[in-house]
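Here the structure comes first, spelled out in structure tokens, and everything after it is commentary.
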Amino acid sequence: MNDVIVSVSITTYNHEKFISQALDSVLNQKTNFSFEILLRDDASADGTTEIVNDYANKFPGLIKPLIYAENQFIKGVKPFADNVKRAKGKYIAICEGDDYWTDPYKLQKQVDFLEAHPDYGLVHSDIDILDQETGDVTSAFNKTNHIQIPDGDIFDFLMRPGHFIKTMTVCLRKELLDKYYLSDKQIMTKDWRSIDLSIWLMIARHSKIHYMDDVFATYRLLPESWSRSKTPEKLYQFHQKIHRIRFYYLRKNTVDSSIKQLILKSYYSSLLM
């Protein structure tokens, strides 16, 4: 399987405290195939850029940095899409700069499955959650909370309110991303900001999705983030953009009426909140 390449996308911004752990967790992967690390720094204002340069110098050819002098996100550039357009891999794996992988065989397990099951376009797994403020860890979040994640054709399931696919555990087929997402001019102009859900829904429309009941990564719960802001206005904006993604796919696909009702109920609840 030496001809298989995985492109690992790491996007970072002001992750000085975390980026080394993220990079080390990817560098520690044990595989029988080659992979590349696409490391994109969006003009960090802390010491992240220096750390990125240091790692790139230590691992030339393996770590491929893309460093901006001016922040591109505020200009409307989508970090993930911008990063993976240079990917050479057959598969794309994702690890954000403030998260990290915990299983050194994560990529091997995921690629083995995708190679054996061409009708599946994405694999993902369970996670641990680290509360950065308190240091508390929730192990195997889905299993601990008795969350059942279905397998196969799960488009309708993903349309339900919730965050069922954890970004830092994903490995997907690049050909699907290129064909149905990155080349879609309408999607590329959308101001969705948090685009993860839109990618999962796109993959689910065109292939099956597999859930591995393992813990592959740790999600770092920060005291202030786009999805957990203490500012009501920011939190409102986050939920509105998530709903816009679901409404977009709702208009373009046939979805069970019960799912539509759940989406509308969630939307109106967020307005009231």
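FYI, side chains are in, hydrogens and waters are out, and symmetry mates aren't considered; it's all heavy atoms of this structure. In this text, all values refer to a predicted model and were calculated from it rather than measured experimentally.
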Taking the ring centre of each residue, are Phe113 and Tyr120 less than 6.0 Å apart? yes
[X]/[Y] ion pair, N-O < 4.0 Å:
X	Y	answer
Asp103	Lys109	yes
Glu115	Lys90	yes
Lys208	Asp151	no

Polar side-chain atom of [X] near backbone of [Y] as donor-acceptor pair, under 3.5 Å:
X	Y	result
Lys78	Lys190	yes
Lys17	Asn14	no
Thr169	His124	no
Asp99	Arg220	yes
Ser207	Gly121	yes

More than 12 foreign heavy atoms under 6.0 Å from NZ of Lys185: is that the case here? no
If I compare all heavy atoms of Ala87 with all of Ile92, which pair ends up nearest, and what's the gap? CB-CD1, 3.6 Å
For the residue pair Ser198 and Tyr249, what are the closest heavy atoms and their distance? O-OH, 2.7 Å
Can you pull out every salt bridge (Lys or Arg N to Asp or Glu O under 4.0 Å) where at least one residue sits in residues 37-47? Sequence neighbours excluded, please. Arg40-Asp42, Arg40-Asp82
Run the salt bridge (charged side-chain N to carboxylate O under 4.0 Å, His left out) test against Asp178 and tell me which residues pass, sequence neighbours left out. Lys174
Do the non-hydrogen side-chain atoms of [X] and [Y] ever get within less than 4.5 Å of each other?
X	Y	value
Phe33	Leu107	yes
Phe164	Ile154	no
Trp200	Leu172	yes
Tyr181	Ile187	yes

Quick one: list whatever passes side-chain contact (heavy atoms from CB on, under 4.5 Å) with Lys179, sequence neighbours left out. none
Side chains of Ser7 and Glu36 only: does a donor on one sit below 3.5 Å from an acceptor on the other? yes
If you measure only the distance, is there a donor-acceptor pair under 3.5 Å linking the side chains of Thr11 and Asn83? no
Which of parallel (below 30°), tilted (30 to 60°) and perpendicular (above 60°) describes Phe247 and Tyr267? perpendicular
Once you round to the nearest 0.5 Å, how far does CD of Gln148 lie from CZ of Phe157? 9.5 Å
